[in-house]
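To start, the structure itself, in structure tokens.
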Amino acid sequence: MSDSDSILLTLSEGVLEITLNRPERLNAFNDEMHLALRAAFQRAHDEAEVRCVLLTGAGRGFCAGQDLGDRDPRKMDGPPDLGHTLETFYNPTLRLIRALEKPVIAAVNGVAAGAGANIALACDIVFAAKSARFIQAFSKIGLSPDAGGSWSLSRLLGEARAKGLALTAEPLGAEQAEAWGLIWKAVEDAELMAVARAQAATFASGPTRGLGLTKMSIQAAATNSFDAQLDVERDNQRIAGRSEDYAEGVIAFFDKRTPEFKGK
Ligand code: T3D
């Protein structure tokens, strides 16, 4: 368990499962939850025992973004500096998720709105319950996308769909999100956690170094030229080729058996 009730943490068989736990607010972010989530991803970074992260939400929602109760203008002295709150709370966590050289799975169990949607989209593999919706809620309250959403949406969907979702704030259902390539898979509601946990278990018993380098290569390709990307692939393959798991994978191939990866 974590020190904070606003997220629940379990570490089992290499999978760090993080559950956003403010269900009465659809797991909207207050400061405590921000800090707890960041600490959890920092732990995933620091501990070799963690080989995969699974992020989900408690109750009927995944995450409704920022808790607007903490942004009520009637209770504030003046307009907030949201650039400061992004830099203080959201951006460090988003950067940790992208930089973590281990797979991060989001299991989107229900509505994902505002920054809640975009934190899911920053994860490496997104499973969503078929009843889940992704909502770029920002324009409804006079804001523009954050938590990496403008980056993720335009890269994953192209400008037309990215602008359509962000400007209209229309909910996007999980099956449409899969059809558009925004997420990995939409699954039956009742099967979501079993499917996500099975994938997490597979990653956690996989070649962690190779998986992490795979993530880094794909991410680097978003901004690299073909030529520069060949250099990235060369450098990452050099590192992967020195891992114990690579040697085990090749030996297991010749032995005609399932490899036993140690994450080393
Ligand atoms: O501020 C900064 O630091 C900058 C960063 C901003 C990042 C952002 O995320 S901005 C966007 C903030 N989020 C939203 O604008 C979404 C607001 N919520 C909604 O639009 C709807 O709740 C949903 C579409 C997500 C779900 O609708 P529905 O009908 O399924 O549920 P509901 O009845 O609206 O919500 C259930 C409860 O959760 C309700 O409380 P109540 O009436 O039962 O006591 C509702 O007020 C509460 N809730 C939902 N979202 C939030 C929230 N409370 C506080 N903050 C929320 N974001």
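All residue numbers refer to positions in the sequence shown, counting from 1.
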Problem set entry | Pair Asp67 + Arg22: basic N to acidic O under 4.0 Å | yes
Exercise. Taking the side chain as C-beta and beyond, is there a heavy-atom pair between Asp70 and Phe29 under 4.5 Å?
Worked result: no
Exercise. Does a side-chain N-to-carboxylate-O contact under 4.0 Å join Glu47 and Lys102?
Worked result: no
For this session: Salt-bridge test for Arg95 and Glu87: reply yes if a basic N is under 4.0 Å from a carboxylate O, no otherwise.
Result: yes
Exercise. Is the count of non-hydrogen atoms from other residues, nucleotides or ligands lying under 6.0 Å from Glu159 atom CD greater than 12?
Worked result: no
Exercise. For Asp189 and Ser131, what are the C-alpha separation, side-chain angles and deciding distance, and is it a side chain to side chain donor-acceptor pair (under 3.5 Å)?
Worked result: CA-CA 7 Å; Asp189 288 22; Ser131 67; 2.5 Å; yes
Exercise. Under the side chain to side chain donor-acceptor pair (under 3.5 Å) criterion, do Gln136 and Asn118 qualify, and how do the steps go?
Worked result: CA-CA 8 Å; Gln136 295 296 316; Asn118 294 338; 2.8 Å; yes
Exercise. Hey, does Val108 have a side-chain heavy atom less than 4.5 Å from the side chain of Phe134?
Worked result: yes
Exercise. So, do Thr10 and Leu8 sit near enough that their side-chain heavy atoms are less than 4.5 Å apart?
Worked result: no
Exercise. Is any side-chain heavy atom of Glu17 less than 4.5 Å from a side-chain heavy atom of Arg197?
Worked result: yes
For this session: Give a yes or no on whether Leu157 and Leu121 share a hydrophobic cluster (residues Ile, Leu, Val, Met, Phe, Trp, Tyr; joining criterion: side-chain heavy atoms under 4.5 Å apart).
Result: yes
Problem set entry | Heavy-atom side-chain proximity of Ile251 to Arg257 below 4.5 angstrom | yes
Problem set entry | Charged N-O contact under 4.0 Å between Glu248 and Lys262 | no
Problem set entry | Parallel, tilted or perpendicular: ring planes of His34 versus Tyr90, cut at 30 and 60 degrees | perpendicular
Exercise. Side-chain contact, heavy-atom cut-off 4.5 Å: Thr56 with Ile18?
Worked result: no
Exercise. Is any side-chain N of the basic residue among Arg238 and Asp235 closer than 4.0 Å to the acidic one's carboxylate O?
Worked result: yes
Problem set entry | ILVMFWY network linking Ile105 to Ile97, side-chain heavy atoms under 4.5 angstrom | no
Exercise. Taking the side chain as C-beta and beyond, is there a heavy-atom pair between Ile135 and Leu172 under 4.5 Å?
Worked result: no
Exercise. Linking I/L/V/M/F/W/Y whenever their side-chain heavy atoms sit closer than 4.5 Å, directly or via other members, would Leu182 and Phe62 fall into one cluster?
Worked result: yes
Exercise. Going hydrophobic residue to hydrophobic residue with side-chain gaps under 4.5 angstrom, can you get from Trp184 over to Leu156?
Worked result: no
Problem set entry | Glu244/Arg209 ion pair, N-O < 4.0 Å | no
Problem set entry | Phe89 side chain near Leu35 side chain, heavy-atom distance below 4.5 Å | yes
Problem set entry | Whether over 12 other heavy atoms sit under 6.0 Å from Glu13 CD | no
Exercise. Is Glu260 atom CD crowded by more than 12 heavy atoms from other residues, nucleotides or ligands, each under 6.0 Å away?
Worked result: no
